[in-house]
Structures are given as structure tokens and as C-alpha cells.
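To start, the structure itself, in C-alpha cells.
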Number of protein chains: 2
Amino acid sequence: MNYKESHTLILDNIGRFIDLTELEKQKYISLLTEIEVKKKAFLMQAGEITRYEYFITKGCLKVYTLDEEGAPHISMFAVEDYWTGDMASFMDKEPSRYFIKATEDSELLGLSRANYDLLFQEIPKFERFYRILYQRSLVSYIRRSNHGISLTAEERYIEFKKKYPKIVNRITQKDLAGYIGITPEFMSKIISKVNRM
Amino acid sequence: MNYKESHTLILDNIGRFIDLTELEKQKYISLLTEIEVKKKAFLMQAGEITRYEYFITKGCLKVYTLDEEGAPHISMFAVEDYWTGDMASFMDKEPSRYFIKATEDSELLGLSRANYDLLFQEIPKFERFYRILYQRSLVSYIRRSNHGISLTAEERYIEFKKKYPKIVNRITQKDLAGYIGITPEFMSKIISKVNRM
DNA sequence: TAAAAGTCTTAAACTAGTTCATTTTTTTTC
DNA sequence: GAAAAAAAATGAACTAGTTTAAGACTTTTA
């Protein structure tokens, strides 16, 4: 993907919530860093302090933690047009608990912490953009944290398929199990059951 | 609680993230509505369009949905110095799925949707306040939605006690079960087990 | 293109959590 | 302050999801 395409993608994403002048667009783009990650490579690992907030222009990544037994718990899959990172670590400059690993060759745009702060000084409109972006993410996480707790694994799988039909075909069953919160073995049973219905 | 005390509480809460002039403080206070809810009364019910975002100055409320079988799933307990409401319904003016019920006699300050919009026009600094508020809530919900899925009920109970030591003594075991995502019977067993340890 | 590594499937034995039913304890209400 | 209502405790039978192990299928790597 060339620069122009990835810039159009991120500016369109921002354009959903705020209007920018040509000058502001240029200024914004100048604050971004181009990043490439090959399949299976880490964008970031637990213990590091997150340097960027990421916007995905191409590919797919998984964001996950490891529990005491070393089992992975996937908190999100990020594909084109998604934002990702570890906000807690990014904001408070504390070591992250998350790993971010590419499941396909991927391309991203990164906004560093210094540039994030600068952004609000230079284009205060971005306070609004992030206010709305966070608000919307919040609505969906509140819903997920309730559903995660109250639905059965089978119901969560059916919801995931409905909500992310494009993602479901790009990830392994094992990773999906790590997201749904069950073992790969039980995931396999659920899938064959649901497909039989 | 008198007006002055509740105004100090909310202004201190806001003061954590942004600085306001005296004039701005007055302006902000003038946009708020005083609300009282008696124990067991509803602040809001599913099907209604949420009219306010609420700040609690006294008391305790539970925010919950009912599933198809009529079982309650509690998404948060809100006590003094907390913000609550249904953001999805408030923002998009769509019917809410949530009930909010007082578990103690409570007092709140409400910001209506019209005044919320006005606020950003009159004191743009509030974009920043909400950007930071939402960002912090997001961090804790992301953590909760992962933990909710990957910890056992007993671990979730121990975490809740550690994180909200003051709330745990103000709510019933039954409501806590509705938050943790288990039956009241199993909650009872966990509590007696943990206390025995 | 063969070997190695990882993913998926299946099944049996197990455990965390549910359901239903009953009794005791606490809180609410008049 | 007695009666009613709600919450909490306990136990037995059940179900959703885990664990372990082994074989089949796919993808990656040299």
C-alpha cells in the first residue's frame, strides 16, 4: 500500500467525527510514523512502555496478555481501519501487560506520545475526535464486558460471527478461542455444532 | 447534602483533569439539574431514552440489564463521586437497554443532552475533560472485559473486594452475584469459602 | 518436497458453576 | 413489634466447559 492510500484511509477515519482543513491534514500526517510488521512478528511486547498509538492500514494483528499459566487471552483483533495499542501504558508511561503480534503481514501508522500531546496543542479539534472515539469504544466495551460474563461460549461465538463476519475468516480457531475465553478443544466442538445446525 | 457540598464534589472531580475559572465553574453549575431518588426507586428504565448523564453526590445505585429469562446482569455500582448513565442511549437518542435503580436514598446531579452539547460550545475545555474521563474508563473496561472472561468466579470476587472495598459492604450478595456473573447460590458458597481461608 | 511444527478433531474423565428445593436469617413494612 | 417479604445458606442432581491424550490435517521452513 502506498503512502497516499494509507493517508486517505486515516483521514477518512478521522473525518467521520471532525472536519479538518487541508493545512491541518498535512500537519496531522506529518506527525505520523510509517510502520511495517511481518507475519508472526511482535509490534510490541509485555514489559515495554508503549511508544505509539497505532492505526492499521493493512493486515491483521492480535492484542493479548498471558496469564500466570502462560495461556493467552486475546483482547482484540485489529484489522484495516482500526485503532489499537495499550492506552494505559501509552498514557501513564508504565510497562505494558500486552503483546501485539501480526497474524498477517501488516502496515500501520503510529502516533508517538510526544506527538499525541503536541497534536492537542496544535489542533485542539483533536480533543473532540478522541472524546468521540473513546466514547464509542467505551459503549462497545461496556456491552462486551456484560455479554462476556453473561452469555454462554456458544452465544458469544455466534455474536462474534455476526459482529465481525470479515475477521472470523482471517484468524485461527485457536486465536478465536483465546478471544471468546475458552479452550481450543471446546471451540472446535462449538463450531462443528453450530455448523451442523 | 446541601448545594454547596455537592457542587464542591463535582467541581473537584472535574478539577482532576482540567482547570476552570470561577466564571466557568458558575456557568457549568448552572447547566446541572439536582435529582433525588429514594431507595428502590428507578432513576431510569429500559425502553426510555436517557435524558441525563449523572454524577452521584450521595447514595448508591445499580445499573443493569435483564436477559431473555428475566435474570439481571449488573454492569456497575455507582456511588458518591462516580459518573453513570447509558452513554449509547444518551448520545444516539435511542431507547436504553438499562435500568438504573437506587439501592440507597441517593442524590445526583444531571447534565441533559442539550446542555452537554452547549457545554462544548461554551467551554471547549470540556472536550478535554471528557476525552480523559472516557479514556480512563476505557482502560478499566478493557481490563474488566478480559478478566471477566478469563478469571474464575472466585478470582473475580477477590478482585472486586480488593478494588472496591467500600462498595462490597454496601450491596447485597445477590447484586454482587449479578455483577460477577454467577448465581446467588454460588456467590454464597464462594463467600463462605473465601472467609474460611 | 520432505520434515517439522502447528492446528484441528474426537473422546473419556473431570471440575466449576447451575438448578431446584428447603430452611434459616435479615430486612422491610404497616 | 408482628407479619410479610426478601436475602442468605445448604445440599443433591445436573450441565457447560476443562484437561489430557492421541491421531489427522495444514502450513511453514529448510
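Every chain is numbered from 1, with letters handed out A, B, ... down the list of sequences.
In terms of hydrophobic clustering, with Ile, Leu, Val, Met, Phe, Trp and Tyr side chains grouped at heavy-atom distances under 4.5 Å, B/Leu151 and B/Ile191 are assigned to different clusters. Clustering ILVMFWY residues whenever any of their side-chain heavy atoms sit less than 4.5 angstrom apart, transitively, puts B/Leu111 in the very cluster that holds B/Leu133.
Remark: A/Lys166 pairs with no residue by the salt bridge (Lys or Arg N to Asp or Glu O under 4.0 Å) rule, at least two apart or across chains. B/Asp12 meets the salt bridge (Lys or Arg N to Asp or Glu O under 4.0 Å) test with no other residue; sequence neighbours excluded. Under the side-chain contact (heavy atoms from CB on, under 4.5 Å) criterion, B/Thr172 pairs with B/Lys174, B/Asp175, sequence neighbours left out. Take B/Thr152 and apply the side-chain contact (heavy atoms from CB on, under 4.5 Å) test, not counting sequence neighbours, and it matches B/Glu154, B/Glu155. For A/Phe55, the ring-ring contact (aromatic ring centres under 6.0 Å, His included) criterion is met by A/Trp83, not counting sequence neighbours.
Counting non-hydrogen atoms of other residues, nucleotides and ligands closer than 6.0 Å to CZ of B/Arg113 gives a total above 12.
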Less than 3.5 Å apart, which donor and acceptor atoms pair up between the side chains of residues 46-53 of chain B and the rest of the protein, not counting sequence neighbours?
unit_1	atom_1	unit_2	atom_2	d
B/Glu48	OE1	B/Gln45	N	3.3
B/Thr50	OG1	B/Ser89	OG	2.8

Kindly list each side-chain donor-acceptor pair under 3.5 angstrom involving residues 25-37 of chain A, sequence neighbours excluded, with atom names and distances?
unit_1	atom_1	unit_2	atom_2	d
A/Lys27	NZ	A/Glu122	OE1	3.4
A/Ser30	OG	A/Lys27	O	2.5
A/Glu34	OE2	A/His7	NE2	3.4

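The stretch residues 176-184 of chain B comes close to DNA chain C through B/Gly181, B/Ile182, B/Thr183, each having a heavy atom under 4.0 Å from the strand. Residues of residues 159-172 of chain A that place a heavy atom closer than 4.0 Å to DNA chain D do not occur.
Using the six-membered ring where Trp is involved, A/Phe129 and A/Phe17 have ring planes that are tilted, between 30° and 60° apart.
To the nearest 0.5 Å, the span separating OH on B/Tyr141 from CZ on A/Arg144 amounts to 14.0 Å.
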Going 5' to 3' through nucleotides 25-30 of chain C, assign each nucleotide B (protein heavy atom under 4.0 Å from a base atom), S (under 4.0 Å only from sugar-phosphate atoms) or - (no protein heavy atom that close).
---S--
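Taking 4.0 Å as the cut-off between side-chain N and carboxylate O, B/Glu24 and B/Lys125 count as a salt-bridged pair.
Summary for the helix from C/dT1-D/dA30 to C/dC30-D/dG1: the axes at its two ends, each from 5 pairs, differ by 70° when rounded to the nearest 10 degrees.
Between the CD1 atom of A/Ile149 and the C1' atom of C/dG17 there is a distance of 14 Å, given to the nearest Å. Rounded to a whole Å, the CD1 atom of B/Ile190 is 6 Å from the P atom of C/dG17. Remark: P of C/dT9 and NZ of A/Lys189 are 12 Å apart, rounded to the nearest angstrom.
Chain B approaches DNA chain D within less than 4.0 angstrom (heavy atoms of the protein), and the contacting nucleotides run 5' to 3' from D/dA7 to D/dA12.
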Passes ring pair (Phe, Tyr, Trp, His ring centres under 6.0 Å), A/Phe120 versus A/Phe126? Steps please.
CA-CA 6 Å; A/Phe120 295 127; A/Phe126 270 92; 7.5 Å; no
